[in-house]
Amino acid sequence: MEKTTQKSEVLKYLKEHETMTSKQAYDLFGAERLAAIIHWYRKHGHLIESIDCSGKNRYDETTNFTKYKYVEFNGKDNTIAVQKMRGEL
């Protein structure tokens, strides 16, 4: 039986729910460094898009954050998506 880790839970969540923010990762799994987990998965071949977002914090001030989106790899159809993410298009 494979050990459940924050890293594996994040990937499972992304695949099931498509997107995740750092706050969700912390609230759901106690993962404090979502960007590091995303970096690790990208380095190991997973296609995860970063989406810049803004919203209001608890003080009603505008704040910026990143939402990560898992992109299911389905062969040649993802070639354009990968090129866009890498800034090649």
Side-chain angles (χ1 to χ4, degrees):
M1 185 172 168
E2 189 174 317
K3 181 180 175 185
T4 301
T5 63
Q6 290 174 336
K7 193 164 36 176
S8 64
E9 288 297 316
V10 164
L11 184 63
K12 180 180 173 186
Y13 185 91
L14 276 171
K15 287 182 174 182
E16 291 174 1
H17 301 278
E18 199 171 296
T19 64
M20 174 179 268
T21 64
S22 291
K23 182 174 183 339
Q24 289 173 310
Y26 181 78
D27 290 347
L28 293 169
F29 312 117
E32 295 182 350
R33 299 184 62 229
L34 180 60
I37 294 171
I38 297 299
H39 176 76
W40 189 90
Y41 277 118
R42 286 176 174 161
K43 187 176 176 180
H44 288 83
H46 292 272
L47 187 59
I48 301 172
E49 181 180 359
S50 297
I51 303 166
D52 293 329
C53 301
S54 63
K56 298 284 184 174
N57 65 16
R58 68 179 96 185
Y59 306 109
D60 202 35
E61 300 167 335
T62 301
T63 186
N64 298 315
F65 60 95
T66 301
K67 183 184 287 187
Y68 297 97
K69 178 179 180 180
Y70 188 82
V71 180
E72 193 68 44
F73 187 74
N74 55 10
K76 293 181 181 179
D77 295 346
N78 282 61
T79 303
I80 292 174
V82 171
Q83 290 174 330
K84 282 183 181 177
M85 285 180 59
R86 292 181 178 161
E88 296 171 2
L89 290 180

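Here the structure is a predicted model, which is why all the values come from computation and not from measurement. Numbers here are sequence positions counted from 1. Every heavy atom of this structure was used, including side-chain atoms; hydrogens, water molecules and symmetry mates were not.
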Practice prompt. Find out whether T62 and K56 are in side-chain contact, i.e. whether some heavy atom of one side chain is under 4.5 Å from a heavy atom of the other.
Written response: yes

Fill in: K43 atom NZ, over 12 foreign heavy atoms within 6.0 Å
no

Discussion item. If the condition is ring-ring contact (aromatic ring centres under 6.0 Å, His included), which residues does H17 pass it with, not counting sequence neighbours?
Written reply: Y13

Practice prompt. For residues Y41 and K7, determine if any side-chain heavy atom of one lies less than 4.5 Å from a side-chain heavy atom of the other.
Written response: yes

Practice prompt. Identify the two heavy atoms, one from L14 and one from T19, that lie closest to each other, and give their separation to 0.1 Å.
Written response: CD2-C, 3.8 Å

Worksheet item: Given side chains that start at C-beta, do those of M20 and F29 come closer than 4.5 Å, heavy atoms only?
Response: yes

Fill in: Between OG1 on residue T5 and CD1 on residue I37, distance to nearest 0.5 Å
8.0 Å

Worksheet, complete the sentence: Closest heavy-atom pair, V10 versus L34, reported as atoms and distance to 0.1 Å, is CG1-CD1, 3.7 Å

Worksheet entry | G30 backbone acceptor or donor facing Q6 side chain under 3.5 Å | yes

Discussion item. For a 4.5 angstrom cut-off between non-hydrogen side-chain atoms, does D52 reach T66?
Written reply: yes

Discussion item. If I take atom NE2 from residue H39 and atom NE2 from residue H46, how far apart are they, to the nearest 0.5 angstrom?
Written reply: 13.5 Å

Item to complete: Could you check if a side-chain atom of R42 sits within less than 4.5 angstrom of a side-chain atom of Y68, using non-hydrogen atoms only?
Response: yes

Worksheet item: Are there more than 12 heavy atoms of other residues, nucleotides or ligands under 6.0 Å from atom OH of Y26?
Response: no

Fill in: Transitive ILVMFWY side-chain link Y70 to L28, under 4.5 Å
yes

Discussion item. Rounded at 0.5 Å granularity, tell me how far NZ in K69 sits from OG in S50.
Written reply: 12.0 Å

Discussion item. With a 4.5 Å cut-off on side-chain heavy-atom distances among I, L, V, M, F, W and Y, is there a chain of contacts connecting L11 to I51?
Written reply: no

Fill in: CD1 on I48 to NZ on K15, rounded to 0.5 Å
9.5 Å

